[in-house]
Structures are given as structure tokens and as C-alpha cells.
Amino acid sequence: MRKILLLTIAIISLGVVNSASAQLLKGAKPYLTPDELPNMVNWLPEPPAEGSAAFEYDIHRYGWGKEQRKDSARAQKAIHHASIDPVVVCSHFNEAMGIEISPEKTPQIYRLLIDGMETANNISLKPKKHYSRQRPFSRFNEPTLVPKAEAVLRNNGSYPSGHTIIGFSAALLLSEINPAAADALLLEGYECGQSRIITGYHWQSDVDAARIAASVAVVAMHNSKQFCKQMKRAKKEFSKISK
């Protein structure tokens, strides 16, 4: 009972849930279910096998991630990226967008983002369960930059990276709203993924696959009438704010 209680506290404090959960982002209403999205297991290569050149590269990049922790500013950014509180995730893109993204200041953009990110995350559920890949911190039995999440994520599939899918899908959606800021937005989305390597929770191949998956999920969302309606509302809201 004590172990269950500690696990529950860890989940709540970090704002993270198991990949089998029906909802990852609080208050989100996905535009598409996992079954309505392309199945990554059918179209992306499986994670690198132990002993392969690709896996050796993953190990090399894990070492790179640990080196980045020596840069305190980058380490803090990686820790900040680890939160999946919707308001925190949206805040990563405030500077690039030139506005504060929040339920109060930009309700239509915020609504699009949390529902869109939740939808994108749905594309990770099947491959995570199918491959059940061991995370690097667990394989090497080493500490991460976000120790409170270790118990929750130790047995949660590593491939692809859900955090990366969330961050990169947000960057893609915002780039559609504000094309002029696309470079800065995509850079921030890219760094969200690299942060997962720096914290020790993901292999580089997990992150690379996640960016592809996020892109596919965002394209698929355009088949949703509700998504298209909300995108129009978000663009209209941004147009008024940016004048």
C-alpha cells in the first residue's frame, strides 16, 4: 500500500501518467483517438537492437546528454521541459510567439494546443506498449535530472518519446498559426526533445522517432472538423493580438 501511495504522489507531483492512460494533459479533449491515428508500429523501424551501430550511437548520445548537465542553464531548461503541466508546456513557446499563451490571455490558442498535444501523444501509445523499450537511466542504473519521475517511468516504454511528441507537435501547431516565427518555434520544439536525452529519460532514437510521429499526428489532425474549426479560431485570436 505504501508503494502504491508513493507512486500516486509521484505521478501527481510531476503531472505525468502511464502511457496507457486515457488522458495525459489535464483538461484536454483529443481530436483523434489512438485507433484513428496511423499506427507507428506499422511504418517506423523498430528501436535499434543491442549491439548494432545504431544502438552504439544511442549510447554515445546518452553520454553527450550527461555532459550537457554540466551547463547549469541547459540543465535547468531540461528540467523545465520535463513538466507536462499544460500551462508550463505552452509557456516554453511564449518568447518565440511574442505573446503569453495561457487560458486567460489566449483561450483559443491554448485550447488548440492542449487538445492537439493530447491528440499527438495518442500516436505514441501503441509503439510504447509494443516495444516496451528500456529507458537509458534504467539500463545503466544511473540517476536522472528529474528523480521524482524515475519510479513512474522506469517501466514505461521509451520508444518513442512522449514528451518530444508533445513539444514538437506544439511547435508545429504554433508555426501554422504564426508562420513568421516558425524557425524559433521549431527550434524550441527541437530542444524539448533534446532535453529528454539530457535528463536521461530517452535515447536519441526515441527522440528522432517522436519528431516524425508528431509530424504525422499533426497532419492527421487536419482530417478532424473540430480541429479545423479550432485552428481557425486560434488564427483569428492571434491576428487580433498581433496587430
- Task: Test Leu125 against Asn121 for side chain to side chain contact (heavy atoms under 4.5 Å, CB included), laying out the working first.
- Result: CA-CA 7 Å; Leu125 304 186; Asn121 181 66; 4.2 Å; yes
- Polar side-chain atom of Arg196 near backbone of His163 as donor-acceptor pair, under 3.5 Å: no
- Which of parallel (below 30°), tilted (30 to 60°) and perpendicular (above 60°) describes His92 and His81? perpendicular
- Flag side-chain contact, heavy atom, 4.5 Å: Leu44 against Pro127: no
- Task: Measure across Ser158 and Tyr201 and return the closest heavy-atom pair with its distance rounded to 0.1 Å.
- Result: OG-O, 3.9 Å
- Do Trp64 and Gln194 come within less than 4.5 Å of each other through their side chains, counting heavy atoms only? yes
- Pairing residues for Phe93 by the ring-ring contact (aromatic ring centres under 6.0 Å, His included) criterion, not counting sequence neighbours: none
- Mind running side chain to side chain contact (heavy atoms under 4.5 Å, CB included) on Ile212 and Trp43 for me, showing each step along the way? CA-CA 11 Å; Ile212 297 173; Trp43 55 271; 3.6 Å; yes
- Which pair of heavy atoms, one from Leu25 and one from Pro86, lies closest together, and at what distance? CB-CG, 4.2 Å
- Closest heavy-atom contact between Pro34 and Lys126? O-NZ, 3.8 Å
- Would you name the heavy atoms of Ala171 and Gly189 that are closest together and state the gap between them? CB-CA, 3.9 Å
- Task: Output yes when a side-chain donor or acceptor of Gln108 lies under 3.5 Å from a complementary backbone atom of Gln230, and no otherwise.
- Result: no
- Query: Side chains of Arg211 and Ser161: do they bring a donor and an acceptor to under 3.5 Å?
  - Reply: no
- Query: Is the backbone N or O of Ser138 less than 3.5 Å from a side-chain atom of Arg154, with the two atoms forming a donor-acceptor pair by type?
  - Reply: no
- Task: Just jot down the ring-ring contact (aromatic ring centres under 6.0 Å, His included) partners of Phe168, sequence neighbours excluded, or say none.
- Result: none
- Note on the structure: With sequence neighbours left out, the residues meeting ring-ring contact (aromatic ring centres under 6.0 Å, His included) with Phe238 are none
- Query: Hey, do the aromatic rings of Phe140 and Tyr62 have their centres closer than 6.0 Å?
  - Reply: yes
- Query: Would Tyr159 and Trp203 count as a ring-ring contact (aromatic ring centres under 6.0 Å, His included) if you check the C-alpha gap in whole Å, the side-chain angles of each, and the deciding distance to 0.1 Å?
  - Reply: CA-CA 8 Å; Tyr159 184 88; Trp203 307 100; over 10 Å; no
